[in-house]
Each structure stands twice: as structure tokens, then as C-alpha cells.
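Here is how names work: the chains are called A, B, and so on, in the same order as the sequence lines, proteins then strands, and each is numbered from 1. Computed from a prediction, not measured in an experiment: that's the story for all the values here.
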There are 2 protein chains.
Amino acid sequence: MNTLSVDSLKLDSQLCFKLYAASRAVIRAYKPMLDQLGLTYPQYLAMLVLWEWQEAAPEQPTVKALGERLALDSGTLTPLLKRLEQLQLVQRQRSVRDEREVHLSLSPAGAALRDQVGPLKARLLCDSGVDLNRLNELRDGLDHLLGQIKALS
Amino acid sequence: MNTLSVDSLKLDSQLCFKLYAASRAVIRAYKPMLDQLGLTYPQYLAMLVLWEWQEAAPEQPTVKALGERLALDSGTLTPLLKRLEQLQLVQRQRSVRDEREVHLSLSPAGAALRDQVGPLKARLLCDSGVDLNRLNELRDGLDHLLGQIKALS
DNA sequence: ATTAATTAAATTGCACACAATTAAATTGCT
DNA sequence: AGCAATTTAATTGTGTGCAATTTAATTAAT
């Protein structure tokens, strides 16, 4: 049932647009920092996952595992990872046990790059003067929305 | 000063990622509806602005005005608008008074398309079973974040 | 053990985003 | 009036996103 008013449709449009705009605005805000690292935003997110993985799990992730984490498929990741390989940050190697899989590992330079991120990001966050509590709320709101969308499919 | 903890850096990364993922998830959720309209998501946002404009303002917007509303430049908008023109939804015409400007107007088909959106979107929102209050909070959170980021530059 | 179904990456093609440059028109300044 | 600075779109080039197809390898079913 649940008839929807004109207002809720407008709210919906606003949210769509703001989500789209905010996502791009954050990417723009990260640009100066990422330029210093020589990474694009999606490349940076991939590196975040690889850095995190190195800490938590013993085995290296496959392209598929990275794709699940980022909600991206091989059509996006394969060329992105090839560029990270060109930059000498990541190594890609076919699995011996299952030759369909490609395992990803950090090169020394890729692992070392992590240390440069902290200070740069701290400055970025500082400069922006954001309210951490608000960020927390926003994150939870996005989490909930993501959950609802996932429940659709 | 305001020294930032490791935790806030992690929150930051999470938020970046979730914002990026949520934005794409919403686009994905809209896909079935937009397929029926024959539009991509950015094209749909452009149409939303043109529909809104038609209601509020007497004169037609220029590419620049649309770009300011969507935070997109001519590099993105020119080809997108040419496609909407191909679809017979939008007309582009050089201003006579200032030949640098290109004015945008809705064709009859473009104006009429608006009527198809309401029902489709109502169903989408209904199916998703989202909490409108939560959406409102999320929108306000995004608004605030956008404001903060805008204040940076 | 073959064959069919499934799976993981890669490839192809299209549509953004966005930086940087170009081209043309207008405005401002003197 | 004449020229520099500014403004608006368009163009070019790179890097995503994502659907659809392809290729190769593995697993499942008979």
C-alpha cells in the first residue's frame, strides 16, 4: 500500500542529486592530496583495501575479492589494477592452484605509500573543520540506505 | 590545532567509501526505471533541472546555468545535451544576444516525459520501503557536508 | 570420463567526469 | 575606437563505471 506524496518524491530527487553531488565533492576535496600520492580516487580506494587486507588476512586477495569489497567488476578493476602495476605499487599474479584467479599483492613501494597517507589526510580533515559526530551520523545514515538498497535485489 | 586520532582517519575513509558506494548503489537502483524512460542517470538529473526550471523561471537556462546547478562543466554537459537533443527531448540554441551562450529548452516530448516519472518513482520508493524520516536526516547530513566542502575552496 | 554448467578475468563499447586547451564572443579599460 | 582580459562552449585526452560478450579454467552431473 503506502501511497507516497508529492513531497516524498521531491525529497527523493533531492537526495539522489545531493548524494551524487556530495560524492563528487568529496572526490574533488581529496584531489590535492591524491595528486601528491599520484593516485586517482578509485585507485586510492583500491589501495585502502589492499593495505587493510595486508593487516588482517594472511593470503592476498583476488580481483574478485577486491571487487566485492568495492562493488566494482573486472571491467573497471582490470585496467585500474594494470595502472597500479605500471606505477609499481601492486603486483598481479595468476593463481597456480586455480588459473582463473588473479592474486593481488603490494610491492614494497605500494606498502610504503601507506605511511604518506596519514599526515596528508589529517591535514585535509583538519582544514575542513568537519564535525566528527556529524560524520558518524552521516556514515550510519549511508549504511542504512545501502542496506535498504541491497535488500531490493 | 585540533590533533586528529587514528579513529577519525578511519571514519573518514569509511565515509569516503560509503558515500561513493551509496551514490553508485542509488544509480543502480534507479536503472530499471531509467531504462523505461530511455535515460541515463546524469541525463535524468539534467531533465529534472530543466523540468524544475520550466516551472519556476520564464527564460530558458543556459548550459552554464545547468552546469552550476549540477556542478558539471561543459566537458560533461555538451555531449550529454547533444544526446538529449538526438533523443528529441531538448533543444539547444545559440543566444542571439550573446552568441557565447547556448540556451536549453524542452521539446514537447521532453516536457511530456515528466508525467511518466512520478508513477515509476513512487513504485521505486514504495518497493524499497525506505523510512522517509531517515531520508530527510540523510539529506540534511549531506547538505551540511556539501556546505563544509564548499567552504574549503 | 565426457559433457554441461559455472566461475574468474579480460575485452569491447558507450557514457560520463574532469583537467586542460581552444575558439569565439563580449566586456572593460584607456 | 582599439586592445587586453574575461567569459562561454566546445574539444581533446585520460580514467573510470558498467553492461555484454569472450576466453579459459574448474566443478557438477550423468
Side-chain angles (χ1 to χ4, degrees), chain A residues 17 20-32 34-35 37-47 60-87 90 92-104 153, chain B residues 17 19-32 34-35 37-47 60-68 70-87 90 92-104 153:
Chain A
F17 172 67
Y20 170 77
S23 177
R24 288 186 300 123
V26 166
I27 293 173
R28 228 173 291 133
Y30 268 66
K31 184 98 197 319
L34 293 177
D35 282 346
L37 298 174
L39 296 174
T40 66
Y41 190 77
Q43 286 168 3
Y44 169 65
L45 293 181
M47 291 300 289
Q60 300 298 341
T62 62
V63 172
K64 179 184 168 58
L66 178 62
E68 277 166 1
R69 192 80 173 70
L70 296 175
L72 290 171
D73 67 6
S74 68
T76 301
L77 288 178
T78 297
L80 184 153
L81 290 167
K82 282 182 178 175
R83 281 178 209 113
L84 289 178
E85 195 176 36
Q86 292 268 316
L87 293 172
V90 163
R92 298 157 64 244
Q93 43 211 338
R94 286 273 160 195
S95 166
V96 188
R97 282 196 335 144
D98 186 339
E99 292 202 10
R100 290 172 303 183
E101 297 178 345
V102 169
H103 287 273
L104 304 170
S153 56
Chain B
F17 172 68
L19 199 48
Y20 169 79
S23 177
R24 288 185 299 124
V26 166
I27 293 174
R28 227 174 292 134
Y30 268 66
K31 184 98 197 317
L34 293 178
D35 283 347
L37 298 174
L39 296 174
T40 66
Y41 190 77
Q43 286 168 3
Y44 169 65
L45 293 182
M47 292 300 289
Q60 301 297 341
T62 62
V63 173
K64 178 183 167 61
L66 178 63
E68 276 166 1
L70 296 174
L72 290 171
D73 66 7
S74 67
T76 301
L77 288 178
T78 296
L80 183 153
L81 291 168
K82 282 183 178 172
R83 279 176 212 115
L84 289 178
E85 196 176 36
Q86 294 267 317
L87 294 172
V90 163
R92 298 157 64 243
Q93 41 211 339
R94 284 275 161 196
S95 167
V96 189
R97 283 195 334 139
D98 185 339
E99 292 201 11
R100 289 170 305 182
E101 297 179 345
V102 169
H103 287 273
L104 304 170
S153 57

### Query
First and last nucleotide of DNA chain D touching chain B, 5' to 3', heavy-atom cut-off 4.0 Å?
D/dT7 to D/dA19
### Query
Hey, does B/Thr40 have a side-chain heavy atom less than 4.5 Å from the side chain of B/Ile27?
no
### Query
Quick one: B/Lys64 NZ to C/dA25 C1', roughly how many Å, whole number?
15 Å
### Task
Give the intermediate values and the outcome of side-chain contact (heavy atoms from CB on, under 4.5 Å) for residues A/Arg92 and A/Leu104.
CA-CA 5 Å; A/Arg92 298 157 64 244; A/Leu104 304 170; 3.7 Å; yes
### Task
Round to the nearest Å and state the distance from B/Met47 atom CE to C/dC16 atom P.
13 Å
### Message
Between P on C/dA25 and CD on B/Glu99, what's the gap in Å once rounded to a whole number?
### Response
6 Å
Find every protein N or O atom lying less than 3.5 Å from an N or O atom of nucleotides 17-20 of chain C, and list the pairs.
residue: C/dA17; atom: OP2; partner: A/Tyr20; partner atom: OH; Å: 2.2
residue: C/dC18; atom: OP2; partner: A/Arg24; partner atom: NH1; Å: 2.8

### Task
To the nearest Å, give me how far apart CZ (B/Arg100) and P (C/dT26) are.
7 Å
### Query
How close or far is atom C1' of C/dT11 from atom CG of A/Leu81, stated in whole angstroms?
15 Å
### Query
Can you tell me how far CG of A/Leu87 sits from CD of A/Glu85, rounded to the nearest 0.5 angstrom?
10.5 Å
### Query
Looking at side-chain heavy atoms only, is the closest gap between A/Val26 and B/Tyr20 below 4.5 Å?
no
### Query
Is there side-chain contact between A/Leu34 and A/Leu37, with heavy atoms separated by less than 4.5 Å?
yes
### Task
Provide, to the nearest angstrom, the distance between the CG atom belonging to B/Leu34 and the P atom belonging to C/dA15.
14 Å
### Query
Can you say whether the rings of A/Tyr41 and A/Tyr30 are parallel (under 30°), tilted (30 to 60°) or perpendicular (over 60°)?
perpendicular
### Task
Calculate, to the nearest 0.5 Å, the distance between atoms OG1 and CG belonging to B/Thr78 and B/Asp73 respectively.
8.5 Å
### Summary
To the nearest angstrom, the CZ-P distance between B/Arg94 and C/dA25 comes to 9 Å
### Message
Tell me whether the side-chain N/O atoms of B/Arg97 come closer than 4.0 Å to OP1 or OP2 in C/dT27.
### Response
no
### Query
Rounded to the nearest Å, what distance is computed from the CD atom of residue A/Glu68 to the P atom of nucleotide C/dT7?
12 Å
### Task
Please check if the side chain of A/Arg24 supplies one atom and the backbone of B/Ala71 the other of a donor-acceptor pair under 3.5 Å.
yes
### Message
With a 4.0 Å limit, can you tell me whether B/Arg83 has a side-chain N or O closer than that to the phosphate oxygens OP1/OP2 of C/dC16?
### Response
yes
### Query
Can you check whether A/Leu80 reaches A/Pro42 side chain to side chain, under 4.5 Å on heavy atoms?
yes
